[in-house]
Amino acid sequence: MKVGVVGASGYVGGETLRLLVNHPDVEITTVTSRQHVGEYLHRVQPSLKGFTDLTFSELDYDKLTDKCDVVFTAVPHGTATEIVKALYDRGIKIIDLSADYRLHNQEAYDKWYGWTHPHPDYLPKSVFGVPELHREEIKKAQLVSCPGCMAVTSTLALAPLIKNDLIDTNHIIVDSKIGSSGAGSGSGTAHAMRAGVIRPYKPAKHRHTGEIEQELSEIAGSKIKVSMSPHAVDVVRGILCTNHTFLKKDMEQKELWKIYREAYGDEKFVRLIRDKKGLYKFPDPKFLVGSNFCDIGFDFDEDNNRLIALSASDNLMKGAAGSAIQNMNVMCGFDEMSGLRYTPLTPV
Amino acid sequence: MKVGVVGASGYVGGETLRLLVNHPDVEITTVTSRQHVGEYLHRVQPSLKGFTDLTFSELDYDKLTDKCDVVFTAVPHGTATEIVKALYDRGIKIIDLSADYRLHNQEAYDKWYGWTHPHPDYLPKSVFGVPELHREEIKKAQLVSCPGCMAVTSTLALAPLIKNDLIDTNHIIVDSKIGSSGAGSGSGTAHAMRAGVIRPYKPAKHRHTGEIEQELSEIAGSKIKVSMSPHAVDVVRGILCTNHTFLKKDMEQKELWKIYREAYGDEKFVRLIRDKKGLYKFPDPKFLVGSNFCDIGFDFDEDNNRLIALSASDNLMKGAAGSAIQNMNVMCGFDEMSGLRYTPLTPV
Amino acid sequence: MNCPECDAKLNIPDDAAVGEIVSCPDCGADFEISKKEGSNIELKEAESVGEDWGE
């Protein structure tokens with residue numbers, strides 16, 4: 001199958017290519033980037049030297065339609081809107097890694113992005129790209145919108161708790177920690193000033209909250225609000241969401257294992273991590289970076305009737321490009337692990 | 001004034017010495033360490049080369065009483081108990097950096113340490129070493145117990161909220177992030193396995209919770225419970241506590257500034273950081289490591305009626321040795337900033 | 001003169017003129033001097049540039 005990647009110069013575009021060059025079922029025919037037209041891909045994504053001798057081309061809808069069955073759009077928020085629409089109108093399958101088609105309606109974009117979507121009528125055509133929650137819809141979708149990295153990591157931990165009505169939905173706190181590659185290649189802070197930080201940014205009203213609330217509200221069938229606070233920490237890849245929740249009734253450990261196994265027991269990319277022994281007791285990106293896993297665990301704080309649901313992922317993999325490939329596999333009927341059988345690169 | 005340091009081979013003992021060798025009002029006469037008797041101090045604390053030619057001596061109570069007015073005890077939890085008692089009985093002023101005399105009664109030690117204190121009758125003699133909360137008591141104290149690093153950082157942010165009865169005391173969540181030097185020199189994980197972690201450890205019932213609850217309950221005059229979850233992050237020095245709270249009534253930004261200025265406006269080691277502009281918008285260890293500051297800030301999440309109180313400190317400074325020196329200055333009537341006028345080492 | 005948003009003391013130089021922007025040392029809010037007659041000064045909120053957020 002032939003694929004193209006629009007906007008392949010950033011971290012997310014680069015990671016998508018890193019996976020695609022090794023994907024058994026696909027051939028990359030087109031790679032575009034505004035700034036690097038004519039340049040070899042490996043000059044902008046050096047780690048791919050020896051894997052491909054593709055060069056960047058200009059964005060040309062006719063060429064894309066002609067040479068690609070599926071197109072990944074990895075351009076910044078706001079610029080993807082027109083590209084995705086143009087490709088959609090030509091009937092190509094699109095996997096969008098931007099935020100432009102994640103939320104379902106204009107009202108949500110007003111609230112979380114203060115942004116008027118030029119084509120709100122296309123929003124209902126987009127499926128939220130988390131196979132663990134929307135596999136059947138993704139199979140039939142022409143447009144899949146990959147989730148924000150913190151959103152998918154947190155939502156996967158909270159979804160079973162909401163589905164089984166276990167927690168007080170007025171006190172859901174998502175305290176997330178995220179690595180520097182989550183901030184986009186253009187906007188990165190200089191290393192000297194990024195090393196050693198534990199920096200809260202947007203402690204309230206961060207944009208990803210909108211996606212978490214959207215997904216949880218759909219599961220609950222009622223409006224769910226979430227209190228999210230992100231922090232930049234001194235790693236390159238990795239997200240850890242500490243989802244603080246309060247239980248409606250006492251629960252046994254066994255019950256919770258059952259609930260999470262029911263939700264994710266058969267999932268290839270979710271591991272349940274809650275171990276009394278060994279090196280890996282609770283989810284931690286250290287043991288999954290480079291792979292498409294979202295590791296989920298939990299702990300009880302009986303004194304406070306608190307359930308701490310923990311989830312970790314690699315912000316460039318399950319948080320972006322890994323999900324994109326997984327969504328493609330589902331859309332195109334490939335084995336869902338195809339091109340994603342990466343063991344974590346530990347230690348790194 | 002003559003001082004001694006018992007157990008000077010670890011990070012905290014080393015940091016105490018780093019500050020004492022440069023303190024204008026004191027002279028270090030005695031430094032003890034079980035493993036390094038006879039060795040030069042600078043062989044175990046190499047950064048102090050050129051500052052002192054002291055050698056480690058054995059723990060000898062007579063010598064300590066004879067040569068020291070104040071003794072810092074920087075030995076692991078459990079071993080400090082007897083040493084502190086022996087020194088106390090000899091009338092020397094003691095600043096203990098262990099956890100052995102932080103909590104006020106045996107019941108608390110049962111709950112948080114599962115440990116029977118050999119001398120519970122000495123617990124009431126110890127003052128909790130946070131000058132911003134107990135300055136007057138510390139002035140008259142013979143024994144001051146320095147707080148746990150996460151405890152002091154979180155408590156300072158929460159104290160004014162409790163004092164002014166602003167928050168729902170059934171939902172106080174302390175989500176803390178802490179550097180590797182907070183784990184003690186002996187127990188550190190190998191660098192390859194410590195780098196890049198975002199590792200939750202003891203997500204519930206962590207020992208420092210006891211101290212936070214003790215201090216907040218004293219301020220409130222009623223039992224306050226706190227839900228704390230610590231995470232190891234990939235920095236050497238630094239703590240960031242994200243204290244998630246829920247407001248009892250709506251509040252204006254101005255009111256909260258007023259409350260924090262009332263509490264800490266005159267404090268030398270608390271800075272209020274909440275800035276719309278510039279590099280430093282919310283507390284972050286990056287801009288205080290190496291100094292004795294605890295930076296405090298806040299943000300509102302109106303949608304969820306949530307107040308996020310943020311606090312940052314250097315776990316070896318305000319979280320340990322810096323507080324120890326500050327307490328000594330208060331106990332001995334020195335200028336509270338004496339020997340502590342360090343500007344943060346940024347960037348590092 | 002105190003900052004309308006956080007009540008910090010604003011230091012407004014004597015030679016400050018109408019139209020000038022004054023920034024609060026504590027909370028970083030910007031204000032434009034809308035009126036100045038001797039010591040009687042009025043401020044209005046200066047529009048602030050939107051914050052850029054990483055992804």
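Everything numeric in this text was worked out from a predicted model, so none of it was measured. Quick note on labels: first sequence line is chain A, next is B, and so on, each numbered from 1. Scope of the values below: all heavy atoms of this structure, side chains included, with no hydrogens, waters or symmetry mates.
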- Message: Quick check: under 4.5 Å, non-hydrogen atoms only, which of residues 298-314 of chain A neighbour chain B?
- Response: A:D299, A:F300, A:D301, A:E302, A:D303, A:N304, A:R306, A:I308, A:L310
- Is chain B contacted by the side chain of A:V226, its backbone, both, or neither, given a heavy-atom distance below 4.5 Å? backbone
- Heavy-atom contact with chain B under 4.5 Å, split by part of A:I198: both
- Contact part of B:V236 toward chain A, heavy-atom cut-off under 4.5 Å: side chain, backbone, both or neither? neither
- Message: Heavy-atom pairs under 4.5 Å with chain B: which of A:V197, A:V233, A:V289 has the most?
- Response: A:V197
- Message: Please check: side-chain N/O of A:T209 versus main-chain N/O of A:H206, any donor-acceptor pairing under 3.5 Å?
- Response: yes
- Query: Which atoms of A:K281 come close to chain B, meaning under 4.5 Å heavy atom to heavy atom: side chain ones, backbone ones, both, or neither?
  - Reply: neither
- Would you say the side chains of A:Y11 and A:N315 form a donor-acceptor pair under 3.5 Å? no
- Item | Side-chain donor or acceptor of B:Q214 paired with backbone N/O of B:A108 under 3.5 Å | no
- Look at A:N170, A:L240, A:T346 and state which one has the largest set of heavy-atom pairs under 4.5 Å with chain B. A:L240
- Could you walk me through whether B:F282 and B:D275 pass the side chain to side chain contact (heavy atoms under 4.5 Å, CB included) test, one step at a time? CA-CA 7 Å; B:F282 290 107; B:D275 202 325; over 6 Å; no
- Item | Max heavy-atom pair count under 4.5 Å with chain B, selected residue of A:R237, A:H231, A:R199 | A:H231
- Answer key: most heavy-atom pairs under 4.5 Å with chain B among A:P283, A:A232, A:G196 is A:G196
